Amino acid sequence: MIIAIDGPAASGKGTLARRLAAQLGLRHLDTGLTYRAVGNALLQVGLPLDNEELAAVAASNIDLGALDPAILSAHEIGEAASRIAVMSPVREILVSAQRKFAEQPPGAVLDGRDIGTVVCPDADVKLFVTASPETRARRRHEEILSKNGDASYDNILSDIRRRDARDMGRSDSPLKPAPDAHLIDTTTMDIETAFRTALAFVEEAKTD
Ligand code: DC
């Protein structure tokens with residue numbers, strides 16, 4: 001069983017992916033972390049973020065078993081990830097590693113931007129999770145404040161809009177729903193309802 005979950009930043013796809021994987025006994029890969037790990041590797045040694053060859057070398061050294069969300073969730077690493085994610089040689093290397101992960105039994109839940117369209121086009125279930133930019137910005141803002149962080153809602157919103165434009169506008173594997181993806185708009189949905197909705201799509205696929 002392979003479940004592909006795509007959607008923009010802060011749509012709730014990560015929480016959904018983790019919960020589905022736990023519920024169904026599947027492994028989980030947040031593919032955003034793989035792009036973040038490449039960005040972080042370059043930042044760590046002060047290398048430029050606009051050199052495809054260097055970024056591809058960094059990508060081929062990424063260990064999927066050593067992705068630390070606590071380190072990789074930093075804002076500047078997300079920005080770096082979004083810049084190297086437009087590079088085809090980097091995508092090729094990471095997509096191949098992600099596919100290998102997905103194909104190991106008993107299957108997996110992968111979340112990202114191009115899972116249903118490129119990484120696992122034959123996935124058993126495809127979900128495209130969205131929410132309005134304002135809702136996503138409000139959630140991110142509340143999350144940061146709850147961890148005693150400091151951020152302005154307006155800055156987060158403009159950041160989300162810029163990230164969306166880059167992810168949807170790139171020529172290689174832009175963010176878009178696969179034709180056979182189920183759409184889940186979480187703008188007015190709590191996580192419990194989103195989870196139940198997703199689980200219903202999975203159960204439906206199992207009986208097909
Ligand atoms: O979901 P995230 O914020 O961790 O993703 C970081 C960046 O990586 C984001 O700008 C888009 C990119 N990404 C991608 O291009 N393809 C994926 N499958 C996952 C993430």
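The shown structure was predicted, so the numbers you read here are calculated from the model rather than taken from an experiment. Counting convention: from 1, in listed order, for ligands and their atoms alike. Hydrogens, waters and symmetry mates are skipped; everything else that's a heavy atom, side chains included, is used. Position 1 is the first residue of the sequence, and the numbers go up from there.
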Colleague: State whether the side chain of R91 and the backbone N or O of A85 hold a donor-acceptor pair below 3.5 Å, judged by distance alone.
Modeller: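 It does hold such a pair.
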Colleague: If you measure only the distance, is there a donor-acceptor pair under 3.5 Å linking the side chains of D154 and S152?
Modeller: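 No.
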Colleague: Tell me which residues fall inside the under-4.0 Å heavy-atom shell around ligand 1.
Modeller: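 Residues within 4.0 Å of ligand 1: K13, T31, G32, Y35, R36, A81, S82, A85, R91, G112, R113, D114, R163, D167, R170.
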Colleague: I need the minimum non-hydrogen distance between P106 and R27, along with the two atoms involved.
Modeller: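 Result for this residue pair: CD-NE, 4.3 Å.
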Colleague: Please enumerate all residues that pass side-chain contact (heavy atoms from CB on, under 4.5 Å) together with T188, with sequence neighbours excluded.
Modeller: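 With neighbours one apart ignored, the set is empty.
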Colleague: With sequence neighbours left out, what residues match D111 under side-chain contact (heavy atoms from CB on, under 4.5 Å)?
Modeller: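 Expected list: I5, K13, A17, H28, D30.
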Colleague: Excluding sequence neighbours, so at least two apart, what forms ring pair (Phe, Tyr, Trp, His ring centres under 6.0 Å) with F201?
Modeller: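 Once residues adjacent in sequence are excluded, the partners of F201 under the ring pair (Phe, Tyr, Trp, His ring centres under 6.0 Å) criterion are H182.
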